[in-house]
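Contents: one structure, followed by commentary.
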Amino acid sequence: QGPQVLGRGDDLQALRRLLDEHALVTVAGAGGIGKTHLAQGAARERIGALPDGVWWVELTAIADPALVPAAVGHALGISFEGAGDATRAVLSELRGRSALVVLDSAEHLLDGVAAFVAAVREGAPRVKLLVTSQKLLHAVDEHVFRLGPLSLPASDEPAAASASGAVTLFVERARAVDSRFALTAENRAAVIDICRQLDGIPLAIELAAARLPLLGVEGLRARLHERFKELTGGSRVGLRRHQTLRAALDWSHGLLRPPE
């Protein structure tokens, strides 16, 4: 099922429209941007709406592109005997079905995923395919939804904070680790500044919010500022959001004790 999709109402609606209109949709974006969570939200909406089900296929642990059809087959509950053709077995199972198959984290298996997707499009045309990947498949009928960072407040005013997807996620994750936490007039500016420093990247925000009980809002804000000032003093090659995400990971790792 996956957790609730926070701060992504507009993105979820846009992805829903793409899936309604097209058979193959790829959610593309940088690591940590929230592709999997958004896909989970879209898949949940279709449970019960599609007569033949929704199937989730996690590809992260697969190293060989040739194993993509077998991974889908296992998700569908197909039992493979001997060295049979996994693609043929999956197509036999899916043919005639009205279903959604989600292939999550495909960027390291592009050739295998693209070949499998092409086979499904030809052999089981009523099946919709949703792919999450840092890179595009470049398939013939692929429609791409590019996922960006969570929205940041346009100002420090309460209404702007409430409308921000980044602040919404931070507050919810902060409450998960400290039920007493609330966004107030006293801490609002610090929370907004934290979200801005993290460029609205969901993974970075979750890592930061997890440290709230240890540091408090102002302590968290100060530590982020100190850490980022140190880490951004060198090379500026690449996207800033990638530098920020690395900084968040390094910062969080630096707070761990040696045994952790």
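Everything quoted here is computed from the prediction, not taken from an experiment.
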Out of curiosity, L109 CG to S133 OG, how far, rounded to the nearest 0.5 Å? 9.0 Å

Tell me, please, which residues at least two apart from R88 pass side-chain contact (heavy atoms from CB on, under 4.5 Å). D85

Donor-acceptor check, side chain of S162 to backbone of P158, threshold 3.5 angstrom: yes or no? yes

Does CD in E21 sit with more than 12 non-hydrogen atoms of other residues, nucleotides or ligands closer than 6.0 Å? yes

Would you call the rings of F181 and F170 parallel, tilted or perpendicular, where under 30° means parallel and over 60° means perpendicular? perpendicular

Over all heavy atoms of both residues, which pair between A99 and L50 is shortest? Give the atoms and the distance, please. C-CD1, 3.8 Å

Is it true that a side-chain atom of E157 and a backbone atom of A159 form a donor plus acceptor pair closer than 3.5 Å? no

Among the clusters formed by ILVMFWY side chains lying less than 4.5 Å apart, do L24 and L136 turn up in the same one? no

Verify, without hydrogens or angle tests, whether T132 (side chain) and S105 (backbone) share a donor-acceptor contact under 3.5 angstrom. yes

Quick check for you: to the nearest 0.5 Å, what is the distance between L12 atom CG and R44 atom CZ? 8.5 Å

Walk me through whether V5 and Q40 qualify under side-chain contact (heavy atoms from CB on, under 4.5 Å). CA-CA 8 Å; V5 180; Q40 287 173 338; 5.7 Å; no

Measuring only between side-chain heavy atoms, which start at C-beta, is E45 closer than 4.5 Å to R16? yes

Using modelled atom types only, decide if a donor and an acceptor are shared between the side chain of S151 and the backbone of G165 within a distance under 3.5 Å. yes

R8 and L147: CA distance, side-chain angles, deciding distance, side-chain contact (heavy atoms from CB on, under 4.5 Å) verdict: CA-CA 10 Å; R8 292 288 193 189; L147 187 61; 3.4 Å; yes

Do L76 and L103 belong together in a cluster built from hydrophobic side chains that touch within less than 4.5 Å? yes

Is the closest side-chain heavy-atom distance between T36 and W56 below 4.5 Å? yes

Provide the closest heavy-atom pair for E107 versus Q134 in the form atom of the first, atom of the second, distance. OE1-N, 3.0 Å

N/O donor-acceptor pair under 3.5 Å between E142 side chain and H138 backbone: yes

Main-chain N/O of D156 paired to R188 side chain as donor or acceptor, under 3.5 Å: yes

Between R97 (side chain) and E93 (backbone), is there a donor-acceptor pair under 3.5 Å? yes

When you measure from the side chain of K35 to the backbone of A30, do you find a donor-acceptor pair of N or O atoms at a distance under 3.5 Å? yes

With heavy-atom distances below 4.5 Å as the criterion, would you say the side chains of V127 and D52 are in contact? no

Dump the intermediate steps for side-chain contact (heavy atoms from CB on, under 4.5 Å) on K128 and V101, then the final yes or no. CA-CA 6 Å; K128 288 182 177 287; V101 175; over 6 Å; no

Should the heavy atoms of other residues, nucleotides or ligands under 6.0 Å from CG of D10 be counted, would the total exceed 12? no

I need the minimum non-hydrogen distance between A209 and V177, along with the two atoms involved. O-CG2, 3.6 Å

When you look at R173 and E206, which way does the salt bridge (charged side-chain N to carboxylate O under 4.0 Å, His left out) test go after all the steps? CA-CA 6 Å; R173 293 294 181 258; E206 293 188 4; 3.3 Å; yes

Indicate the atoms forming the closest heavy-atom contact of A166 with L152, along with that distance. CB-CD2, 3.8 Å

Value rounded to 0.5 Å, distance of OG1 in T26 from NE2 in H143: 10.5 Å

Residue set satisfying side-chain contact (heavy atoms from CB on, under 4.5 Å) with P69, at least two apart, ordered chain then number -> A86, T87, F116

Indicate yes or no: at least one non-hydrogen side-chain atom of H37 is less than 4.5 angstrom from one of P202. no

Is a side-chain N or O of N187 found less than 3.5 angstrom from the main chain of T184, in a donor-acceptor match? yes

Between R46 and D20, does the salt bridge (charged side-chain N to carboxylate O under 4.0 Å, His left out) criterion hold? Intermediate values first, please. CA-CA 10 Å; R46 278 160 170 74; D20 287 342; 2.6 Å; yes

Can a donor-acceptor pair be found, under 3.5 Å and without considering hydrogens, that links the side chain of R196 to the backbone of P153? yes

Please assess L220 against L212 for the test side-chain contact (heavy atoms from CB on, under 4.5 Å), listing each intermediate value before the final yes or no. CA-CA 7 Å; L220 179 61; L212 195 64; 4.1 Å; yes

Just so I know, are the side chains of F145 and H22 near enough to count as touching, which here means a heavy-atom distance under 4.5 Å? no

Flag the pair R146 / V144 as yes when at least one side-chain heavy-atom distance between them is below 4.5 Å, and no otherwise. yes

When clusters are formed by joining ILVMFWY residues with side-chain heavy atoms under 4.5 Å apart, either directly or through shared neighbours, do L67 and L94 land in the same one? yes

What closest approach, in Å, do V117 and L137 show between heavy atoms, and which atom pair accounts for it? CG2-CD1, 4.2 Å

Separation of R221 CZ from R223 CZ (nearest 0.5 Å): 15.5 Å

CG-CG distance between L19 and L100, expressed to the nearest 0.5 angstrom: 6.5 Å

With a 4.5 Å cut-off on side-chain heavy atoms, are D141 and R121 touching? yes

Any side-chain heavy-atom pair from L59 and V57 closer than 4.5 angstrom? yes

Between CD1 on residue I201 and SG on residue C195, distance to nearest 0.5 Å: 11.5 Å

Give the minimum heavy-atom separation between G96 and R126, together with the two atoms involved. O-NH1, 2.7 Å

